[in-house]
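When a ligand or atom number is given, it counts from 1 through the structure's own listing order. Counting from 1, the numbers follow the sequence of the chain as shown.
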Amino acid sequence: MEVSNNETIRVEEIPTFEGSLPAPNGPSNVPERYIRDLEDMPKSLDLISLSSDIPIIDLSLLLDQHEEELKKLSKACKEWGFFQVVNHGIEKDLLQRIKDATRLFLDLPLEEKNKLSMRPDDIQGYGHTFVVSEEQKLDWNDTLVLIIFPTRFRKYEFWPTKPEDFKEIVEKYSSEVRRVVLQLLRSISLNMGMDSDALFEQHKELLQVLRVNNYPPCRKPNQVVGFSPHSHASTLTMLTQDDDITGLQIRHDGQWVPVKPIPEALVVNVGDVLEIWSNGMYKSIEHRAVANESKDRISFATFFYPPDDLETEPLDNMVDFQGSLRMYGKVNYGEYLRKYTREELQGKGHDQNTKLKIEVTT
Ligand code: OGA
């Protein structure tokens with residue numbers, strides 16, 4: 001197989017994620033397969049008032065190892081598992097260019113987009129993710145999934161060639177998002193009492209995957225789910241989204257709290273790997289997306305993962321830190337990720353599989 005740097009690699013080296021069906025036709029009305037049972041529907045208990053409590057982290061202060069900002073970050077990871085990052089240095093123009101380029105791709109006729117369709121044994125490409133049976137209800141979204149780094153894992157046959165500058169823009173955007181995540185990993189390492197490079201080094205290559213989510217307007221938004229409740233199998237996830245539509249909701253204290261977009265901010269969340277490494281101190285939070293009636297919404301979720309062969313378990317210093325109680329068992333990360341992508345999304349549950357059944361007595 002030929003790849004960008006003229007290096008030849010074995011196909012089996014490329015991580016695969018099983019369990020996806022090819023994309024169905026783009027929804028313009030509401031086919032039966034998208035209509036949910038009442039109990040699966042977003043309830044009207046959303047606490048919009050709590051949206052403004054979701055922590056906001058200033059990256060420029062983290063660069064200076066600003067003590068108060070580091071504390072704020074630690075609190076955000078512990079109490080919310082979600083935060084928004086401002087002053088990250090990604091240019092507004094680049095955020096607009098990736099939106100525009102993606103819009104042009106999404107506006108192509110379905111036959112064109114389906115040329116990039118995901119295959120049943122893979123997750124890269126255009127279609128629906130986490131579809132594991134013909135009976136399963138579908139989320140009201142279309143996705144495009146691309147592995148970005150390391151570059152030898154890229155499958156360019158799934159990269160849009162229209163518009164022509166799609167690749168260049170996605171590469172620029174992804175490098176910028178990577179710069180931000182490296183800074184966050186440094187700050188979180190310090191907060192976990194380690195050297196600033198410790199978390200990055202755990203990852204070796206730091207696998208980076210982009211998922212573009214497109215949520216078309218829906219005539220019956222209250223009968224469908226935009227993205228089913230789930231947590232992420234990543235270490236960290238970073239999301240950019242449209243500024244004028246609130247679609248993402250996170251689980252906090254048993255309630256669904258909408259994440260009100262802050263213009264140009266990145267939404268960051270703790271994934272299962274960081275929850276396990278931190279021995280449960282940081283929380284990988286269940287979240288979902290809702291559909292809306294009037295506007296198309298696009299979000300760009302970038303996931304950062306450790307390598308397949310990593311044995312994932314709480315880091316020793318985090319276990320010592322928490323009175324020697326080890327909250328999670330050891331798991332091979334490749335197996336963990338494959339299990340994650342092979343199952344239907346059903347809320348938070350994947351890291352629960354590795355959680356040790358420990359009776360904590362106080
Ligand atoms: C995801 C995700 C939320 C959104 O892609 O995993 O959680 O708002 N997306 O699109």
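- Proximity of Tyr173 to Arg97: side-chain heavy atoms (C-beta onward) are nowhere separated by under 4.5 Å.
- Taking every heavy atom of Ala301 and a limit of under 4.0 angstrom, the matching atoms of ligand 1 come to 5 (O).
- Taking the six-membered ring where the residue is Trp, the centroids of Phe304 and His203 are separated by 6.0 Å or more.
- For atom 4 (C) of ligand 1, the nearest non-hydrogen atom of the protein is Tyr215 OH, 3.3 Å.
- Taking 4.5 Å as the limit, some side-chain heavy atom of Asp242 sits within range of a side-chain heavy atom of Ile298.
- The protein non-hydrogen atom at the shortest distance from atom 6 (O) of ligand 1 is Arg211 NH2, 2.6 Å.
- Applying the 4.0 Å criterion to heavy atoms of His287 picks out, from ligand 1, the atoms 7 (O).
- What you find for Arg219 and Glu293 is that their closest heavy atoms are O-OE2, 3.7 Å.
- The line from CG of Leu62 to CZ of Arg186 is 10.5 Å long, rounded to the nearest 0.5 Å.
- Atoms of ligand 1 lying under 4.0 Å from any heavy atom of Leu248, numbered from 1 in the order shown and given with element: 3 (C), 8 (O).
- Heavy atoms of Phe300 found under 4.0 angstrom from ligand 1: none, in either backbone or side chain.
- Here is the list of ligand 1 atoms found below 4.0 Å of a heavy atom in His230: 1 (C), 2 (C), 6 (O), 7 (O).
- With respect to atom 8 (O) of ligand 1, the closest heavy atom belonging to the protein is Arg297 NH2, 2.8 Å.
- When Asp242, Thr237, Asn213, Val267 are ranked by how near their heavy atoms come to atom 9 (N) of ligand 1, first place goes to Asn213.
- In this structure, Lys113 does not pair ionically with Asp142, as no charged nitrogen and carboxylate oxygen lie closer than 4.0 Å.
- Salt bridge annotation for Glu171-Lys167: present, with a cationic side-chain nitrogen under 4.0 angstrom from a carboxylate oxygen.
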